[in-house]
Amino acid sequence: MLFTLIGIDQRSLVKAFFNLSGWGYSLIHGGVTTLVVSSAAIAFGASTELLLAVTAVCATGSLFATPAIVRSMGFEPLTAMAFTITSTLMMPVILYVNLAIFSGDEFSLDLQSYCLRMVIFIFGPMAMAYFIHKNVSRSHLTRIHGKLAQFTIILVFSFPFGLSGQFRFLWNNDRDFAISMLLLALGICVLFFIIGLAFYWRKGKEQAYVAAITSGNRNVLLTYSVAGAFLGPLYLPLIGALQLPIYLQPIVVKFLLKQTTSKTCNLEGK
């Protein structure tokens with residue numbers, strides 16, 4: 001977060017944060033995806049445990065690494081950062097509603113842990129980035145950030161290794177079920193991407209792809225830290241399975257963008 005925020009003007013980010021479009025996106029990110037996914041799960045007769053797990057993923061805010069991923073694909077990260085912050089702040093509200101609807105048991109949210117993580121991962125890095133922008137010249141900052149950005153994406157893609165343990169355990173014990181969870185995770189990730197793309201397509205291709213990538217990336221560990229065992233036994237295997245499609249997504253999208261660009265150039269040449 002800090003390495004990405006260094007490359008973003010903090011005043012512009014604060015303005016984007018107070019813009020209603022960011023909060024509108026957070027409702028799509030959590031609310032619309034919950035409605036679509038839960039409807040599909042109920043239609044296919046999903047169990048209560050699976051329904052609870054998938055709707056918890058829907059409530060989850062975007063990965064803190066999303067702006068770095070968006071930057072690596074050649075898009076402006078400011079909008080992605082604003083979407084990431086608003087969807088993360090909206091997460092406890094949507095998660096509470098989802099648990100109230102789909103959980104048959106009593107539950108509670110660890111908001112103290114949530115607030116601590118907000119300070120560590122969002123507001124702390126924003127304050128540090130503002131201090132750096134205030135005391136370092138723009139020319140020096142641009143040169144330093146150009147080098148830091150190379151390491152940021154490596155850090156981003158090392159993250160999923162910490163969440164794949166439960167899925168590996170499931171793979172060893174019940175491979176057929178593990179494959180089913182992987183296919184489900186792939187379907188969820190693609191569906192999130194399509195929802196973001198569809199809602200923002202009229203605002204331009206770049207805005208649409210930024211919204212789609214942000215929608216597809218999910219900070220599932222933060223949701224687990226807030227609700228824990230109340231998310232049911234299938235949540236950890238599902239988020240373990242989600243890591244592969246989430247982190248393959250930008251690679252696939254970048255490849256598709258290159259193919260689209262090359263075809264457009266060929267048509268214009270003809």
Side-chain angles (χ1 to χ4, degrees), residues 1 23 25-38 41 46 48-67 69 80 83-123 156 159-167 170 181 184-189 191-193 195-196 213-247 249:
M1 280 290 281
W23 294 100
Y25 168 81
S26 69
L27 292 175
I28 296 170
H29 183 99
V32 173
T33 56
T34 295
L35 183 62
V36 173
V37 171
S38 61
T48 302
E49 292 81 7
L50 185 57
L51 189 59
L52 193 59
V54 295
T55 53
V57 172
C58 292
T60 299
S62 187
L63 273 173
F64 295 142
T66 298
I69 294 173
F83 285 174
T84 297
I85 294 173
T86 54
S87 64
T88 302
L89 293 176
M90 186 65 75
M91 182 270 286
V93 178
I94 297 176
L95 180 61
Y96 184 90
V97 173
N98 288 359
L99 286 173
I101 295 173
F102 299 108
S103 176
D105 303 319
E106 293 185 359
F107 63 90
S108 62
L109 302 182
D110 186 357
L111 294 181
Q112 183 179 355
S113 175
Y114 169 78
C115 292
L116 179 62
R117 281 163 171 77
M118 292 303 95
V119 172
I120 293 172
F121 294 113
I122 293 182
F123 301 117
V156 166
F159 182 78
F161 293 114
L163 290 177
S164 57
Q166 283 293 322
F167 182 72
L170 180 64
M181 291 296 282
L184 174 62
L186 178 61
I188 289 173
C189 193
L191 184 59
F192 287 164
F193 185 90
I195 290 172
I213 295 165
T214 308
S215 181
N217 293 336
R218 299 280 164 156
N219 193 353
V220 288
L221 188 58
L222 177 62
T223 302
Y224 184 74
S225 71
V226 172
F230 299 110
L231 301 178
L234 295 182
Y235 184 74
L236 284 177
L238 178 60
I239 66 173
L242 270 169
Q243 299 312 300
L244 182 62
I246 283 177
Y247 286 92
Q249 175 190 259

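Since the model is a prediction, treat every value here as computed from it, not as a measurement. Reckoned from all heavy atoms, side chains included, excluding hydrogens, waters and symmetry mates.
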Quiz item: To the nearest 0.5 Å, how far apart are CZ in Arg218 and CE in Met91?
Solution: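 So the CZ of Arg218 and the CE of Met91 are separated by 11.0 Å.
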Self-check item: Spacing of OG belonging to Ser113 relative to OH belonging to Tyr224, to within rounding of 0.5 Å
Solution: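 Spacing of OG (Ser113) from OH (Tyr224) equals 11.5 Å.
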Quiz item: Tell me, which pairs form a side chain to side chain donor-acceptor pair (under 3.5 Å) where one or both residues lie in residues 87-98, sequence neighbours left out?
Solution: Thr34-Asn98
Practice problem: With sequence neighbours excluded, give me every side chain to side chain donor-acceptor pair (under 3.5 Å) pair touching residues 54-64. | Solution: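 Applying side chain to side chain donor-acceptor pair (under 3.5 Å) to every pair that reaches into residues 54-64, excluding sequence neighbours, yields Thr60-Thr223, Ser62-Thr66.
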Exercise. Considering non-hydrogen atoms only, spot the tightest contact between Ile246 and Gly216 and give its length.
Key: CG1-O, 3.7 Å
Quiz prompt | Closest contact, heavy atoms only, Ser26 versus Met90 | solution = OG-CE, 3.5 Å
Exercise. Please say which of Leu236, Leu95, Val57 ends up in a side-chain contact (heavy atoms from CB on, under 4.5 Å) with Leu231.
Key: Leu95
Quiz prompt | Heavy-atom donor-acceptor pair, Tyr25 side chain to Ser215 backbone, under 3.5 Å | solution =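 Yes, because the side chain of Tyr25 sits within donor-acceptor range (under 3.5 Å) of the backbone of Ser215.
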Quiz item: So Trp23 and Leu89, side-chain contact (heavy atoms from CB on, under 4.5 Å) or not? Walk me through it.
Solution: CA-CA 9 Å; Trp23 294 100; Leu89 293 176; 3.9 Å; yes
Quiz item: Checking side-chain contact (heavy atoms from CB on, under 4.5 Å) for the pair Arg117/Leu222: CA distance, chi angles, key distance, verdict?
Solution: CA-CA 8 Å; Arg117 281 163 171 77; Leu222 177 62; 3.4 Å; yes
Quiz item: Is there a side-chain contact (heavy atoms from CB on, under 4.5 Å) between Leu63 and Tyr247 once you walk through the steps?
Solution: CA-CA 11 Å; Leu63 273 173; Tyr247 286 92; 3.3 Å; yes
Quiz item: When you look at Leu52 and Phe230, which way does the side-chain contact (heavy atoms from CB on, under 4.5 Å) test go after all the steps?
Solution: CA-CA 9 Å; Leu52 193 59; Phe230 299 110; over 6 Å; no
